[in-house]
Amino acid sequence: MGWTGPGQAQELTIESWRKDDQIFWDKVLIPAFQRLHPEIKLKFQPEEPLAYDSRLDARLTTRRAGDLIFCRPFDASVRMQAKGYLLPLKEEALKNFNPQARRAWTTDDGSTTYCLPVAYVMHGLFYNKKILRDLKLDPPTTWDQFYLLLSQVAASQTVTPLALGTADMWESTQVVFTGLGPNFWEGEKARQGLIEGTVKFTDPGFLRAWQMMAHLKPYMHPQQNSMSNGDTQLLFATGHAAVYPSGSWDIDFLRSTSFAYKKPIELGVFKPPVEHEGQACHISVHPDFGIGVNKNSPNQAAALKFISWLGTADFAQLLPDTLTGYFPLADHKVKINDPLGQEMMRWRSQCQETIRLNAQKINRVWPSMEEELWYANVKVINQDITPEQAARHIQSVHEKNAYLK
């Protein structure tokens with residue numbers, strides 16, 4: 001298990017795609033752990049988010065990966081577990097996590113949990129309060145109000161109505177389609193139906209979600225095609241866009257970036273609009289990351305001490321205090337101090353919850369459903385294909401899924 005002589009600190013490396021969070025791990029989270037375990041040194045070593053999965057897989061294959069591994073939810077980690085890369089966790093480490101919190105990192109048969117559940121995120125739309133106030137506009141609750149708001153911002157010719165780009169592709173799926181779509185297809189009901197084969201991507205609810213996406217282009221930046229997520233973040237954070245569809249994970253960045261420009265913007269957030277007033281709302285409350293132990297780590301005992309600390313009430317409170325917009329998956333009671341975080345938390349009592357549509361099981365096709373959705377959703381936003389074409393294409397990919405009856 002990796003033996004070190006007396007007085008020698010063991011060094012653990014944490015693999016992650018969360019490059020934005022380096023400072024928080026280095027300055028707050030790691031020191032908090034080391035105060036309890038001075039004998040263990042920790043190094044947070046993030047990778048470029050879009051390169052993480054493939055590079056990590058290569059390091060795991062050649063036994064060069066770190067001791068602790070950030071686990072994406074559901075299918076991506078299922079593959080790591082199936083290859084035998086992750087150490088199964090014991091019940092003792094998991095005692096503060098309910099089955100719902102564990103499901104994103106538990107085998108289909110429920111027998112093994114292979115990553116400790118850490119944080120979930122929520123989807124919503126950030127807006128610049130001053131821009132709306134100046135134009136005498138209110139945050140919308142329905143799609144008709146939202147389109148009206150975007151067209152009024154466009155008519156003012158002062159700022160970009162919608163901070164959204166398609167260069168990185170992932171936002172079109174993970175933010176727009178699966179983040180704003182659940183109100184069209186009734187959330188969990190349709191997701192479970194897709195898994196069971198009783199619902200199709202060509203059904204009216206999905207079509208209406210794609211029709212919504214086909215409406216957005218006129219309100220996006222003229223250069224949106226070449227704009228990355230970083231570009232649209234900046235466009236919004238510097239006060240040059242009215243609305244930024246994203247999720248709680250961006251709260252920290254938006255606050256710190258706008259401060260860097262010496263004029264913080266007044267941030268507001270509203271939940272994904274519904275089709276009609278009074279309709280039940282659905283929000284995406286998505287398990288974002290877990291942390292597991294590399295089965296080939298020579299420092300397993302030390303890594304498990306870190307895992308057990310991640311399950312404590314202290315860490316559960318430290319997480320939202322440090323990484324604003326990441327909410328703990330543990331059962332501990334925590335206090336959310338950030339006003340935008342509090343606002344998003346309130347939605348959980350007002351709306352029904354779902355997760356990103358294709359995260360669980362639906363990605364288990366080749367080519368992967370995630371990649372096919374990126375491709376189709378960008379094409380719909382850019383008005384290169386119709387909502388009907390996207391629906392037929394995605395349904396044909398879905399029908400190849402092996403687990404479907």
- Item | side-chain hydrogen bond (donor to acceptor under 3.5 Å, both in side chains) partner of N299, chosen from E11, K305, Q10 | Q10
- Note on the structure: d(Q279 CD, E186 CD) to nearest 0.5 Å is 8.0 Å
- Task: Using side chain to side chain contact (heavy atoms under 4.5 Å, CB included) as the criterion, list what pairs up with S246, not counting sequence neighbours.
- Result: F126, Y244, W249, D250
- Query: Checking E399 side chain against S396 main chain: does a donor-acceptor pair fall under 3.5 Å?
  - Reply: no
- Query: Are the side chain of N128 and the backbone N or O of A242 linked by a donor-acceptor pair below 3.5 Å?
  - Reply: no
- With distance as the sole criterion, is a donor-acceptor pair present between the side chains of S228 and D231 under 3.5 Å? yes
- To the nearest 0.5 Å, tell me how far Q22 CD sits from Q45 CD. 9.0 Å
- Query: Looking at K19 and E47, does any basic side-chain N land under 4.0 Å from a carboxylate oxygen?
  - Reply: no
- Message: Side chains of D168 and N229: any donor to acceptor distance under 3.5 Å?
- Response: no
- Task: Look at the aromatic rings of F177 and W210 and report parallel, tilted or perpendicular, splitting at 30° and 60°.
- Result: parallel
- Item | Contact summary for G84 and K295, nearest pair of heavy atoms | O-CD, 3.2 Å
- Under 3.5 Å: donor-acceptor pair, side chain of D21, backbone of F24: no
- Task: State whether a side-chain donor-acceptor pair under 3.5 Å links N98 with D331.
- Result: yes
- Side-chain donor-acceptor pair under 3.5 Å between E370 and T173, yes or no? no
- Query: Any chance the side chains of T142 and D144 put a donor and an acceptor closer than 3.5 Å?
  - Reply: no
- Assess whether atom OH of Y375 is packed by more than 12 heavy atoms of other residues, nucleotides or ligands within 6.0 Å. no
- Query: How about W185 and F206: are their ring centres within less than 6.0 Å of each other?
  - Reply: yes
- Message: Please determine whether the number of non-hydrogen atoms from other residues, nucleotides or ligands lying under 6.0 Å from atom CD1 of I23 exceeds 12.
- Response: no
- Walk me through it: do T106 and T112 pass the test side chain to side chain contact (heavy atoms under 4.5 Å, CB included)? CA-CA 6 Å; T106 296; T112 307; over 6 Å; no
- Task: Before giving the answer on side chain to side chain donor-acceptor pair (under 3.5 Å), spell out for H393 and E372 the whole-Å C-alpha distance, their side-chain angles and the decisive distance to 0.1 Å.
- Result: CA-CA 9 Å; H393 173 66; E372 291 303 299; 2.7 Å; yes
- Measure the CD-CG distance between Q174 and N358 for me, rounded to the nearest 0.5 Å. 8.0 Å
- Which pairs with one or both residues in residues 273-323 pass disulfide (SG to SG under 2.5 Å), sequence neighbours excluded? C281-C351
- Query: Run the side chain to side chain contact (heavy atoms under 4.5 Å, CB included) check on R102 and L94 step by step: do they pass?
  - Reply: CA-CA 8 Å; R102 298 180 195 190; L94 295 159; 3.7 Å; yes
- Item | Short side-chain donor-acceptor distance under 3.5 Å, T354 and E188 | yes
- Task: Would you tell me whether Q145 and E277 have side-chain atoms, one donor and one acceptor, within less than 3.5 Å of each other?
- Result: yes
- Working to the nearest 0.5 Å, report the span between CZ of F74 and NZ of K361. 10.5 Å
- Message: Just to verify, which of W105, Y52, W17 counts as forming a ring pair (Phe, Tyr, Trp, His ring centres under 6.0 Å) with F70?
- Response: W17
- Query: Are H286 and Y120 near enough that their ring centres are under 6.0 Å apart?
  - Reply: no
- Query: Going by atom types alone, do R18 and Y326 pair a side-chain donor with an acceptor below 3.5 Å?
  - Reply: yes
- Query: Can you name the residues that form a side-chain hydrogen bond (donor to acceptor under 3.5 Å, both in side chains) with K200, not counting sequence neighbours?
  - Reply: none
- Query: Hey, is E15 close enough to R59 for a salt bridge, meaning N to O under 4.0 Å?
  - Reply: yes
- Query: Salt bridge or not for E196 and K189, using N-O below 4.0 Å?
  - Reply: no
- Query: Does atom CZ of R63 have more than 12 heavy-atom neighbours, drawn from other residues, nucleotides or ligands, at distances under 6.0 Å?
  - Reply: no
- In terms of side-chain heavy atoms, does K379 have a donor or acceptor partner in N377 at a distance below 3.5 Å? no
- Message: Closer than 4.0 angstrom, basic N to acidic O: yes or no for D57 and K83?
- Response: yes
- Donor-acceptor contact present, side-chain N294 to main-chain G66, <3.5 Å: yes
- Query: Using the ring of each side chain (for Trp, its six-membered ring), is F33 parallel, tilted or perpendicular to W309, with breaks at 30° and 60°?
  - Reply: tilted
- Does any donor atom in the side chain of T166 or S172 lie under 3.5 Å from an acceptor atom in the other side chain? no
- If you look at every heavy atom in P245 and A163, which pair is closest and at what distance? CD-O, 3.5 Å
- Message: Could you tell me if S297 and D67 have a donor-acceptor pair between their side chains, going purely by distance under 3.5 Å?
- Response: yes
- Task: Work out which heavy atom in L89 is nearest to a heavy atom in C115; give both atom names and the distance.
- Result: CD1-C, 3.5 Å
- Query: Does any non-hydrogen side-chain atom of L180 lie less than 4.5 Å from one of L125?
  - Reply: yes
- Are a donor atom and an acceptor atom from the side chains of D109 and T107 found within less than 3.5 Å of each other? yes
- Task: Evaluate side chain to side chain contact (heavy atoms under 4.5 Å, CB included) for L207 paired with T202, printing each intermediate quantity in order.
- Result: CA-CA 6 Å; L207 264 174; T202 46; 5.8 Å; no
- Query: Among side-chain atoms of Q152 and K136, is any donor-acceptor pair under 3.5 angstrom?
  - Reply: no
- Please round to the nearest 0.5 Å and tell me the distance separating atom CD of E371 and atom CG of L373. 10.5 Å
- Could you grab the distance from atom OG of S156 to atom CG of D134, nearest 0.5 Å is fine? 9.5 Å
- Message: Do R103 and Q360 pair up side chain to side chain, a donor and an acceptor below 3.5 Å, judged on atom types alone?
- Response: no
